[in-house]
2 protein chains.
Amino acid sequence: MAVTIKDVAKMAKVAPSTVSRVIANNPRISEKTKQKVREAMEQLGYHPNFIARSLASQSTRAIGLIMPSSTDVVFQNPFFPTVLRGLSEGAHERHYALHMTTGKTDDEIYEGVVQMVQGGRVDGVILLYSKVEDKVLAFLKDRDFPFVVIGKPFSDEEEITYVDNNNFRAAKEVTEYLIKLGHKQIAFVGGNLNLTVTVERLLGYEKALRDAGIELVNEYIVHEEFLKEGGQEAVRELISLTKPPTALVVADDLMALGVLNTLDEMGIKVPEDMSIISFNNVLLAEMSRPPLTSVDINIFDLGFESARSLIYRIENPREPVKRIIIPHKIVKRCSCSSPKTEEPQIVS
Amino acid sequence: MAVTIKDVAKMAKVAPSTVSRVIANNPRISEKTKQKVREAMEQLGYHPNFIARSLASQSTRAIGLIMPSSTDVVFQNPFFPTVLRGLSEGAHERHYALHMTTGKTDDEIYEGVVQMVQGGRVDGVILLYSKVEDKVLAFLKDRDFPFVVIGKPFSDEEEITYVDNNNFRAAKEVTEYLIKLGHKQIAFVGGNLNLTVTVERLLGYEKALRDAGIELVNEYIVHEEFLKEGGQEAVRELISLTKPPTALVVADDLMALGVLNTLDEMGIKVPEDMSIISFNNVLLAEMSRPPLTSVDINIFDLGFESARSLIYRIENPREPVKRIIIPHKIVKRCSCSSPKTEEPQIVS
DNA sequence: TTGTACGCGTTATCAT
DNA sequence: ATGATAACGCGTACAA
């Protein structure tokens, strides 16, 4: 058995409660006994037992991470290692540990969360995704358990603490950027519509077009999963239109990579024949050919601020909910240019 | 306060210990009282408290994951989401939870591990990396704490349970494959030499050349970090040699992607002018242009088996250590071909 | 088959 | 400033 507070107490010739106070650095303990106790701890190699401490203090100093379905393609996104880094750093800063749940199906995930929460394993949780009609979110809200979601909640926005980018605005900006370059036929290649992020980006795209007086055409909006095959399908559909787009707003870098490949296979040059702009600015964005113009959404900060606000919520339960918007920035690389003016060519 | 075992006991008119036994499904409890107790649990919405249970039973049913330094480029590798999936599934299967530690510096990581282990937060840990002279590993071994490492340990191989591929053999095979295609000038682009995986792959490469009677040339072996810029540097160095290689063994897909880009910029065609073969076969391998021939190392299984063997070790402490080798497979795509025979061209 | 009583390692509330 | 003592919620040896 490991060395406990009692062993230390015995060695320092004080009561266990005194040792406990020394650990908490209670000011009512004299410096002399503090020193004595600390020496004993040192000599015995004492380390506090988190479990016992949790039981007594009713707080675990651990936060739970709820991942999206592990079978979901988004799980493969380089997005995750980066949020994780942010989360980890934010938690570490306040001496919180990280606990994880994953699952293949939605039910598995839900069960995991219930276990974790009811079982008292964590003081609060962070939802690493935001989708419509989420059972998990409903559960947490119902139980009034501290949580924050990364991304904009589908509903009850006012009553939920969340950390997000302004995806609507970001999408509007990139679309306006393309319009300014002279594009009029701009398509949107989005991911799963169950994710609120997809919806927000789509809305921003539409708003920009409407503001510019450009008609929305249904065939220009395609939705596929965030990953490879999806991108390819989407592109083929678009290119085969009688009046194909000259520019693409793609909801995710990884998907844009797939798009890039398909275009290459079809002999369509980027950015000469087709402009592409995408989101997230993961490492791949600069490793593609051509390097992608992409919206940097500061993934790390998304994680970092989520951890921070959850911890704040845990430690100040009665404070009002708040939302944090992480700034974004368009990183211009080489995948966008002005459209070729087709008409003159026909005339000549 | 949440509903406890006592509340259930009161409602079912039995002793708390009886409730406890029902939870453990102790056969010495009559079906009748079991039923009665279960009804009470249902009605009250009882959920066992993991913390209390852990304290009493001295087991947390949680396993700790030790990540590499979050500042390290390898952390960004798509490798991680995939091992995580495997780990998660392996743990979930046996109803174990996942706990994480990360850190920026080695010391931060070490501190985190010590806290986690001494604090009794987990029953065992998994090292998600394997490097030389690892303080963390030494600590775990010294404390005789259950752990398994993903990758081959640098030393004390016989006394450590680990899960790995046969990277030596894999590297040997891919090199032989290139040799069989007719290549004689084959270079090796490796990552950080502190990681045992890099060493193993390098050794396999060298062995294949030696077996084939091909002289090893020092300039053909370059070491850079696993990610982008590294790859580019490495390639430039190689190409500027008076007798540049015709084929490259690259230690990681992501790095190969960087290599691909640099070659493209330099106007060198793959596979016509340069063959490339790499490792891991992450999603990106098939998304690159051209799609990469890569060694599939079954990342998921690496995680899955690690979780399994750790749990086995936790539950059977006195069993001998074992090592598990996950099979690999070369996935041939489009980045390798026979070398152009330069001489005839000069003659003609 | 079930109940009693104690222990797991801490923190927290009273005392002194 | 410090020491007893009682929780915290559950498992379990021992008793009945």
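Within every chain, numbering begins at 1; the chains are lettered A, B, ... in the order of the sequence lines, protein sequences first and strands thereafter. Computed from heavy atoms alone, side chains included, the values below leave out hydrogens, waters and symmetry copies. The model shown is predicted, which means the values in this text are computed figures rather than measured ones.
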Closer than 4.0 Å, any side-chain N/O of [X] to the OP1 or OP2 of [N]?
X: A:Arg53; N: C:dT11; value: yes
X: B:Gln58; N: C:dG9; value: yes
X: B:Thr33; N: C:dT2; value: yes
X: B:Ser20; N: D:dC10; value: no
X: A:Ser30; N: D:dA1; value: no

[X] has an atom [atom1]; how far is it from atom [atom2] of [N], in whole Å?
X: A:Asn49; N: D:dC10; atom1: CG; atom2: P; value: 17 Å
X: A:Leu55; N: C:dT11; atom1: CG; atom2: C1'; value: 10 Å
X: B:Arg121; N: C:dG9; atom1: CZ; atom2: P; value: 17 Å
X: B:Arg61; N: D:dG11; atom1: CZ; atom2: P; value: 12 Å
X: B:Lys6; N: C:dG3; atom1: NZ; atom2: P; value: 15 Å
X: B:Ile5; N: D:dC8; atom1: CD1; atom2: P; value: 14 Å
X: A:Lys36; N: D:dT2; atom1: NZ; atom2: C1'; value: 10 Å
X: A:Asn25; N: C:dT10; atom1: CG; atom2: C1'; value: 17 Å

Pair [X], [Y]: side-chain N/O donor-acceptor within cut-off below 3.5 Å:
X: A:Thr196; Y: A:Ser130; value: yes
X: A:Asn192; Y: A:Lys131; value: no
X: A:Ser17; Y: A:Ser20; value: no

Base C:dT16 paired with A:Arg28 side chain (donor-acceptor, <3.5 Å): no
Any donor-acceptor N/O pair under 3.5 Å between D:dA4 base and A:Ser17 side chain: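 Under the 3.5 Å cut-off, the side chain and the base do form a donor-acceptor pair.
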Over-ring placement of A:Arg85 relative to A:Phe300, 6.0 Å and 45° cut-offs: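 Judged by the rule, A:Arg85 and A:Phe300 form no cation-pi pair.
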A:Tyr312 six-ring face occupied by A:Lys322 cation (under 6.0 Å, within 45°):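 Verdict for A:Tyr312: a cation-pi partner in A:Lys322.
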Candidates D:dC10, C:dT11, C:dG9 - which lies nearest the side chain of B:Tyr46: D:dC10
Closest listed nucleotide, where the reference is the side chain of B:Arg21 and the choices are C:dG3, C:dC14, D:dG11: C:dG3
Touch class at under 4.0 angstrom, heavy-atom based, for A:Pro48 against every strand present: sugar-phosphate
Sugar-phosphate only, base, or nothing, as touched by A:Val14 at under 4.0 Å among non-hydrogen atoms: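 Sugar-phosphate: the residue A:Val14, judged by heavy atoms under 4.0 Å, touches backbone atoms but no base.
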Option among A:Thr82, A:Ile63, A:Leu128 that satisfies the side-chain contact (heavy atoms from CB on, under 4.5 Å) test with A:Leu87: A:Leu128
5′-ward residue of the pair B:Pro16/A:Ala52 relative to DNA chain C: B:Pro16
Contact nearer the 5' end of DNA chain C, comparing B:Ala56 with B:Ala15: B:Ala15
